[in-house]
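Okay, structure first, notes after.
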Protein chains: 2
Amino acid sequence: MKSARRSSDCRRSSCPIANALDLLGDRWTLLIVRDLVFRGFREFGQFLAGGERIATNILAERLDRLRCAGLAVRCDHPVDGKRYRYYLTEKGIDLIPVLVQLSLWGAKYTPDHAAPEKVLREMRADPDRVVAGLRASLLKELGVVRKS
Amino acid sequence: MKSARRSSDCRRSSCPIANALDLLGDRWTLLIVRDLVFRGFREFGQFLAGGERIATNILAERLDRLRCAGLAVRCDHPVDGKRYRYYLTEKGIDLIPVLVQLSLWGAKYTPDHAAPEKVLREMRADPDRVVAGLRASLLKELGVVRKS
DNA sequence: CCGGATCCGTTTCGATACTG
DNA sequence: CAGTATCGAAACGGATCCGG
């Protein structure tokens, strides 16, 4: 675990967006958060097989980063014992509005994407409601996990 | 101008977020868009001096990328003749909701940032109104520029 | 001077192989 | 299964050069 903070100390951030981008401004981090939010992925292997061909070392480092930054927590697998599960914290859950807006933008401007049109319609119609729904479900799950 | 698309062809994106991140998932692109939206920067030199120490080659490449992707346009300077000005297109302007949500998240979780508290309060209270205001002003500016 | 383009040393990424 | 080790490739960053 010698990774942690290498890139975040070089820019004397002066605005909330720059601060956020210090953590999220790379090709993979937000994609992992997306998988945690929309696809319900929780385990290393799921992210690996998640379609986007992330390398194992990159995935490990990003998961580590997310934990160091307090966006995610790692828990032992309830039965397996040799695997872990990753859950978003409140801080990570609070990124859902960003993901929703990013989805809407991406859906508007990139013709080919395999996103369920139903969810997109809901997002367009009432983004706050979609955010609230996802947030509630993830918070509930987090509450259960934390007690264990 | 041989740059253009080098990184975007490697990932067979399957969701709007991945598509969006293909363009925006790096350390600088969204920062430049932020400067176009919130700081009113329009010229190369402004971005360079904008505080974050971006290198000239990186800046040039990112501005080029934004133009190739249709997020920005480059116009001649009205009086100087040897400088340019960059403006967001509608596609770029549509990123404002993302920036606003990113601002709110960053402001919530990073204590030290030099963002005007007034705007943050407005964003928290009524993000849609803030988005609409910024959008209207940028669209108007774009309209004027396009006629010239 | 302004807006880049080019060169080059350094850092980070990413694919594969390997380990507990 | 969940990572680490390695190593080549790409990106970054600084400096410098160039055309207008």
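The analysis underlying the following values was restricted to heavy atoms, covering all of them including side chains, and did not include hydrogens, waters or symmetry mates.
Along DNA chain D, the nucleotide nearest A:Phe44 and the nucleotide nearest B:Asp26 are compared for position; the residue whose nucleotide lies closer to the 5' end is A:Phe44. Residue whose closest nucleotide on DNA chain C sits further toward the 5' end, between B:Ala60 and A:Ile54: B:Ala60.
Taking atom CZ on B:Arg27 and atom P on D:dC12, their separation rounds to 9 Å, with Å as the unit. Here D:dA2 presents its P atom at 10 Å from CZ of A:Arg85, a figure rounded to the nearest Å. Atom C1' of nucleotide C:dG14 and atom CG of A:Leu48 are separated by 13 Å, given to the nearest angstrom. Here D:dA9 presents its C1' atom at 12 Å from CD1 of A:Ile58, a figure rounded to the nearest Å. If you measure from atom CG of B:Leu59 to atom C1' of D:dG13, you get 13 Å, rounded to the nearest angstrom. One can place CG of A:Asp76 at 17 Å from P of D:dC1, the figure rounded to the nearest angstrom. In this structure, A:Glu61 atom CD and C:dT12 atom P are separated by 9 Å, rounded to whole Å. Distance NE2 (A:His77) to C1' (D:dA2): 13 Å, rounded to an integer number of Å.
You'll find the side chain of B:Leu23 stays beyond 4.5 Å of the side chain of B:Arg65, heavy atoms only.
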Please write out each protein N/O paired with an N/O of nucleotides 15-20 of chain D under 3.5 Å, distance rounded to 0.1 Å.
none

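Contact annotation: B:Trp28 side-chain N/O to D:dG13 OP1/OP2 distance is under 4.0 Å. Close to C:dT16, at under 4.0 Å from its OP1 or OP2, lies no side-chain N or O of A:Arg53.
Partners of A:Glu141 according to the salt bridge (charged side-chain N to carboxylate O under 4.0 Å, His left out) rule, which considers only residues two or more places apart in sequence or in another chain, are A:Arg42. Not counting sequence neighbours, the partners of B:Thr29 by the side-chain contact (heavy atoms from CB on, under 4.5 Å) test are B:Leu24, B:Asp26, B:Arg62, B:Leu66. With sequence neighbours excluded, the residues that form a ring pair (Phe, Tyr, Trp, His ring centres under 6.0 Å) with A:Tyr109 are A:Trp105. Residues satisfying the salt bridge (charged side-chain N to carboxylate O under 4.0 Å, His left out) test with B:Arg129, not counting sequence neighbours, are none.
Sorted by first and then second residue, the pairs that involve residues 93-110 of chain B and meet salt bridge (Lys or Arg N to Asp or Glu O under 4.0 Å), not counting sequence neighbours, are A:Asp94-B:Lys108, A:Lys108-B:Asp94, B:Asp94-B:Arg135.
The side chain of A:Arg65 approaches C:dC13 more closely than any other nucleotide in the set C:dT16, C:dC13, D:dA2. Ranking D:dC12, C:dT16, D:dG3 by closeness to the B:Arg62 side chain, first place goes to D:dC12.
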List the steps, then state whether salt bridge (Lys or Arg N to Asp or Glu O under 4.0 Å) holds for A:Glu43 with A:Lys82.
-> CA-CA 11 Å; A:Glu43 299 179 17; A:Lys82 60 191 169 189; over 6 Å; no
